[in-house]
2 protein chains.
Amino acid sequence: MTVPLSRPLVLEPNSAADPCAHCDARHASVCNAIPDGDMARLAAAAVVMEAAPGTSFINEGDPANYFFNVTRGTAKLFKLLPDGRRQITGFVGVGHFLGLAVSETYAFSAEAIDHVRYCRFSRTRLRALLDDYPLMEKRLLEVASNELVAAQEQMLLLGRKTARERLASFLASQSRLGVSCRHPRTRFSLPMTRGDIADYLGLTIETVSRTLTKLRSEGLIEIPSATEVVIRAPGALERLAGGAA
Amino acid sequence: MTVPLSRPLVLEPNSAADPCAHCDARHASVCNAIPDGDMARLAAAAVVMEAAPGTSFINEGDPANYFFNVTRGTAKLFKLLPDGRRQITGFVGVGHFLGLAVSETYAFSAEAIDHVRYCRFSRTRLRALLDDYPLMEKRLLEVASNELVAAQEQMLLLGRKTARERLASFLASQSRLGVSCRHPRTRFSLPMTRGDIADYLGLTIETVSRTLTKLRSEGLIEIPSATEVVIRAPGALERLAGGAA
DNA sequence: TCCCGGCGTTGACGCAGATCAAGGCAGGTG
DNA sequence: CACCTGCCTTGATCTGCGTCAACGCCGGGA
């Protein structure tokens, strides 16, 4: 769920001065499909909102009245089974769109991991916006297509990879986050907890912890702190991860 | 990956006489976004093709030059790991679109299960088509959004459900196929093998077989033949399946 | 300062589902 | 007809990961 296009699309008006969370470039905040002069119209349709860490701002099953664009921070998307088992379907960062689905209700919940800022559009206004800016619709189709590819990759991971391979895939993909700006990083921090990682990879907390420890003891990675990772053997990790991941 | 919209969108020209594979209604073959008079143009961009059972017509990694619309039969989409482990990411039937991704190469393979007919568009022509018919682009966005929702549901299944729950979810969703026309069916046939089901649900053939046998011995289903299923206790099955599935 | 609660790590043990193995059945072929 | 091959089923055994449990660390609050 985290294949960014060439450049994060941030719909929030007047945020041109904010540095991108994933790299230190300063992206234009203007949707490249919307002429600068029309930003006022966009601003009228959007409400900038914030969510504190641990707060959810989309609840599975609620009426899907809004459409979101994350402009800062990281959130987790997840689905729950009646007995509480949780599957995190993705971590979404700056530029990500949420709530595309045609359905009447949201198919997943979204919860802020760190401090999240997002831009909220009413769906009816979004519809009008899309009618006026077909380029934006085209862009959304690209985004959705990319997410679909990422989702299939994740299915391969969940259905067929071992715990070891899952962690390797996860670390490899985290190291590639925000790569529109840079090469894969060898050192990065994980904003999410071990529990989140477990629920994302279809494992338990204990298995995640154990497997990370094992990868460390084998010299593939270093773990300076619980939220920090250094990739010591990118090639080996990539090979372990299997396909693209 | 199999949430059909209200009505399968079949782009194949001149196929109005073919009954839908999922129900006995005869759908118009004309994309509802394209005026009837323009069908000639559509026909010029499309090539109708066939794939015999077991034949693959998309190969992961190949240059993504075409875009497909399935007009008859059922195909399986899958990804492979280097050592041959396979994850089927979806079964696609009449009306499904394939190859949306923006990437240069296909992210998955597609293989015909029964006799498949599909309509092939060159991507460059598709792009021109979409420019002329924004309604069609809108429709594709809806389709992609729906598939995304289905993909998230499948991640929940692969990451968090037991074998029993996976089979129940699978049977429940199969019973809902083509439901645009009818209520969930209590009896239907499975065009795919046990191996395909296993690779779709992230299990082994043996577990699929055993679990189906168990569900049968418990009176939840009947299995008149290997390719035929009767749901005897839809409510219980749905409950077992967990969420929406 | 101490206490406390959340998070992470590690160990011992158990189990769901994988693996290995054998045999049945149906359809295709000579 | 006999034979073969692919698919399915069933049984016995194995194992990767889940479960249960204990403990260490760290940050916040009084």
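From a predicted model like this one, the values you see are computed outputs, not experimental measurements. In the text below, chain A, chain B and the rest are named by the order of the sequence lines, each starting its count at 1.
- Contacts of B:G202 with the nucleic acid, taken as non-hydrogen atoms under 4.0 Å apart, involve only primed sugar atoms and P, OP1 or OP2.
- Here the side chains of A:F57 and A:E111 are not in contact, with every heavy-atom distance at 4.5 Å or above.
- Distance from the side chain of B:A163 is smallest for C:dG17 among the nucleotides D:dC8, C:dG17, C:dT9.
- Comparing D:dT10, D:dC17, C:dT10 by their nearest atom to the side chain of A:E206 picks out C:dT10.
- Of the N and O atoms on the side chains of A:S169 and A:K161, at least one donor lies less than 3.5 Å from an acceptor on the other residue.
- Heavy atoms of A:T193 sit under 4.0 angstrom from primed sugar atoms or phosphate atoms, though from no base atom.
- Rounded to an integer number of Å, the gap from A:R164 CZ to D:dT15 P is 18 Å.
- Residue A:E165 contributes atom CD, which lies 9 Å from atom P of D:dC17 at whole-angstrom precision.
- Among the nucleotides C:dT10, D:dC8, D:dT19, the one closest to any side-chain atom of A:S209 is C:dT10.
- The nearest whole Å value for the distance from the CZ atom in B:R85 to the P atom in C:dA18 is 13 Å.
- To the nearest 0.5 Å, the span separating CG on B:L220 from CZ on B:R239 amounts to 9.5 Å.
- Here the nucleotide nearest the side chain of A:T213, chosen from D:dG18, C:dA18, C:dT10, is C:dT10.
- Within the cation-pi definition used here (under 6.0 Å to the ring centroid, within 45° of the axis), B:R120 does not qualify as a partner of B:F68.
- When distances are taken from the side chain of A:I205 to each of D:dT9, C:dT9, C:dA18, the shortest belongs to C:dT9.
- Summarising the geometry, the separation between CZ on B:R160 and C1' on C:dA16 is reported as 15 Å, rounded to the nearest angstrom.
- When each of C:dA18, C:dT10, D:dC17 is scored by its nearest atom to the side-chain atoms of B:T207, the top-ranked nucleotide is C:dA18.
- Nearest to the side chain of B:R210, among C:dC7, D:dT9, D:dG11, sits D:dG11.
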